[in-house]
Structures are given as C-alpha cells and as structure tokens.
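Reading through the structure tokens given below for one structure.
Excluded from the calculations below are hydrogen atoms, water molecules and symmetry mates; all remaining heavy atoms, backbone and side chain alike, are included. Counting begins at 1 with the first residue of the sequence.
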Amino acid sequence: MVIFFFIFSFLYSIDSKVLLDNLYNQNNWKKYSITEDSKKIFDSEYSGLKYIKVAKSVDFSKEQIFEKIKSIDNYNEIISNQNVTTRLVLQEKDTLYGYQKISNSIPFIRDRQYIFKMYQKDNYRLDWYIIDKNNNLLKSYISDDVHTIGYGAGSWYFKDGILTNRIYVDDGVNLPSHLLHKIRINHVIQIFDDVLNSLIVEEK
C-alpha cells in the first residue's frame, strides 16, 4: 500500500527499482522509537536519503495480510486519510497497477498523483514502485492542475509472525528536517495501522 505523495527533482524512473534494493541492503538501521502497541520504528540514512522501517509481531497470516495490501479496489475504505483516493488501473496476472491522487490542503501546492506497480517479489515480500511519468498508463491523467510523480518505492515483508514495512518518502516540504522526519514516520505508522485495523474489522 503506497498512500504517500513524493516530490523528487532531477531523478530518473529506474531509480525507483534501485530503491527497492537499497531498502534491503541497509545494515545501519537505527531504532527510532517504539509505539505503545509495540511497533518498532527504525530509520537509516544512505547517500543522503533517509529510509523508514516499521515492524511488529502480528497474529494474522501472510495470506491475509498480502491479500489486504493487494486489494487496491478497496483502498478507499481501508485508507483512513480522506485526502487520498485510489483506483485499480490494470491487472496483469499477479502484477497490479494502482492510481492514487492526494488532495493537498496546503495553499499554492498542487494535488499529487502517481501510478504504482505492485507485485509479489517472493514468498515473503510484496514490492511496489512508482512508474515513470512518461508511461502510457499515465497519459489520461496528465493535467497542469495536478503534479505527476515518477519516483518512489516501498516493500512489505512477512516472516515468522513479524510484519515489516520499508519505504522511502520525500514530501519536499520546506520544514526543519527533524520535524519532517517525524511527520514522515507518522505517515508510515498510519499505513501500517490502516492495514491491521482493516483486518481486525474483517474478523469481527
């Protein structure tokens, strides 16, 4: 599940795929905090980029979790952020393409949009990355009123009862770095909670 907007300048789409490798090749994850419900928050800095990781022991099965994350058609009910709208654009066998638009409440900043590609990397890992802005799938969405994003990636990993979400985000907001980092971490935590809360509701 993506649910983030990105502002990246002078970067190329191939880097979105490279990001996925970087998210797993980090050996310098540092514990940032632990939430009241035992989610462990980590961050890692690599080549000037700051990655975020959230991990928690959960009672759900991998099949339940991955199916929920892949249910792009239901994101508008799963996602608690009402500024985000999502639709499934295309499905090619097990590969999904989802469109997301983020309505921005900040004055003088346009809404954001992107299409992400999601697929299961292996038995434990579900990856996504934002496609190139020049991809044909985006042609019907291009507008001067909306800023189209072409860079970003993340990954969900589940093994031995531990669910982990890795992601790199850069919202490009001109705020002090420590404040921005806290905001970004809160966004990732909310994504994590949205998935788990939806599964809890489903079981009732």
(Q) Check this for me, if you would: do Lys117 and Asp127 make a salt bridge, where the nitrogen-to-carboxylate-oxygen distance has to be below 4.0 angstrom? (A) no
(Q) Side chains of Lys101 and Arg87, heavy atoms from C-beta outward: is any pair under 4.5 Å? (A) no
**Q.** Over all atoms of both residues, closest heavy-atom pair of Trp128 and Ile167
**A.** CZ2-CD1, 3.6 Å
**Q.** Side chains of Leu20 and Arg166 in contact at under 4.5 Å (non-hydrogen atoms)
**A.** no
Q: Quick one: do Leu163 and Trp156 satisfy side-chain contact (heavy atoms from CB on, under 4.5 Å)? Show the steps, please.
A: CA-CA 7 Å; Leu163 177 63; Trp156 295 84; 3.8 Å; yes
Output a table of donor-acceptor pairs, distance under 3.5 Å, between side-chain atoms of residues 58-66 and any protein atom two or more places apart or on a different chain; print 'none' if there are none.
unit_1	atom_1	unit_2	atom_2	d
Ser61	OG	Gln64	N	3.1
Ser61	OG	Gln64	OE1	3.3
Lys62	NZ	Asn123	O	2.9
Lys62	NZ	Asn123	OD1	2.6
Gln64	OE1	Ser61	N	2.9
Gln64	NE2	Glu203	OE2	3.4

Q: Can you measure from CG (Asn74) to CD1 (Ile69) and round to the nearest 0.5 angstrom?
A: 13.0 Å
Q) What distance do His187 atom NE2 and Asn81 atom CG have between them, rounded to the nearest 0.5 Å? A) 7.5 Å
Q: Quick one: pull up OG1 in Thr86 and OH in Tyr75 and give me the separation to the nearest 0.5 Å.
A: 7.5 Å
Q: Apply side chain to side chain donor-acceptor pair (under 3.5 Å) to Thr148 and Tyr141, showing your working.
A: CA-CA 9 Å; Thr148 301; Tyr141 298 98; over 6 Å; no
Q.
Is a donor from one side chain sitting under 3.5 angstrom from an acceptor on the other, for Tyr97 and Gln91?
A. no
**Q.** Candidate pair Asp37 and Lys56, rule salt bridge (charged side-chain N to carboxylate O under 4.0 Å, His left out), full reasoning
**A.** CA-CA 9 Å; Asp37 62 347; Lys56 182 181 178 179; 3.6 Å; yes
Q) Could Glu202 and Lys68 be called an ion pair, given the rule that one side-chain N must be under 4.0 Å from one carboxylate O? A) yes
Q: Would you give the length of the straight line joining atom CD1 of Ile52 to atom OG of Ser44, rounded to the nearest 0.5 angstrom?
A: 11.0 Å
Q. If Ile, Leu, Val, Met, Phe, Trp and Tyr residues are connected whenever their side-chain heavy atoms lie under 4.5 Å apart, and connections chain through other members, are Ile41 and Ile34 in the same group?
A. no
Q. Going by atom types only, do Ser155 and Tyr24 share a side-chain donor-acceptor pair under 3.5 Å?
A. yes
Q. With sequence neighbours excluded, what pairs up with Thr164 under the side-chain hydrogen bond (donor to acceptor under 3.5 Å, both in side chains) test?
A. none
Q: First locate atom CG of Leu199, then atom CD1 of Ile78, and finally report the distance between them rounded to the nearest 0.5 Å.
A: 8.0 Å
Q) Can you find a side-chain donor-acceptor pair between Asp194 and Ser80 that sits under 3.5 Å? A) yes
(Q) Between Arg125 and Lys159, is the side-chain contact (heavy atoms from CB on, under 4.5 Å) condition met? List the steps. (A) CA-CA 9 Å; Arg125 179 173 154 184; Lys159 189 175 182 180; over 6 Å; no
Q. What are the two closest non-hydrogen atoms of Asp122 and Tyr124, and how far apart are they?
A. OD1-N, 2.8 Å
**Q.** Validation row: Ile102, Tyr114 side chains within 4.5 angstrom (heavy atoms)
**A.** yes
Q) With a 4.5 Å heavy-atom cut-off, do Thr35 and Phe192 have their side chains touching? A) no
**Q.** Closest non-hydrogen atom pair between Leu96 and Lys70, with its separation
**A.** CD1-O, 3.3 Å
Q. Are Ile162 and Leu126 connected in a single hydrophobic cluster, I mean Ile/Leu/Val/Met/Phe/Trp/Tyr linked by side-chain heavy atoms less than 4.5 Å apart?
A. no
Q: Could you tell me which non-hydrogen atom of Ser16 sits nearest to which non-hydrogen atom of Ala153, and how far apart they are?
A: O-CB, 3.3 Å
Q: Please test Asp145 against Asp111 for side-chain contact (heavy atoms from CB on, under 4.5 Å), starting from the C-alpha separation and ending with a verdict.
A: CA-CA 7 Å; Asp145 298 326; Asp111 294 345; over 6 Å; no
Q | Closest contact, heavy atoms only, Asn135 versus Leu137 | A | OD1-N, 2.9 Å
Q: Would you please say whether a donor-acceptor pair under 3.5 Å links the side chains of Gln100 and Thr85?
A: no
Q: Show the numbers, then the answer: is there a side-chain contact (heavy atoms from CB on, under 4.5 Å) between Val201 and Asn197?
A: CA-CA 6 Å; Val201 170; Asn197 288 338; 5.5 Å; no
(Q) Strictly by ring pair (Phe, Tyr, Trp, His ring centres under 6.0 Å), give each pair with a member in residues 32-57 just once, sequence neighbours left out. (A) Tyr32-His181, Tyr51-Tyr168
Q. Would a hydrophobic clustering, with Ile, Leu, Val, Met, Phe, Trp and Tyr connected at side-chain separations under 4.5 Å, put Val146 with Val89?
A. no
**Q.** Cluster link Val84 to Val195, ILVMFWY, side chain under 4.5 Å
**A.** yes
Q | Carboxylate-amine/guanidinium contact Lys39 Asp193, below 4.0 Å | A | yes
Q. To the nearest 0.5 Å, how far apart are CG in Asp43 and NZ in Lys30?
A. 8.0 Å
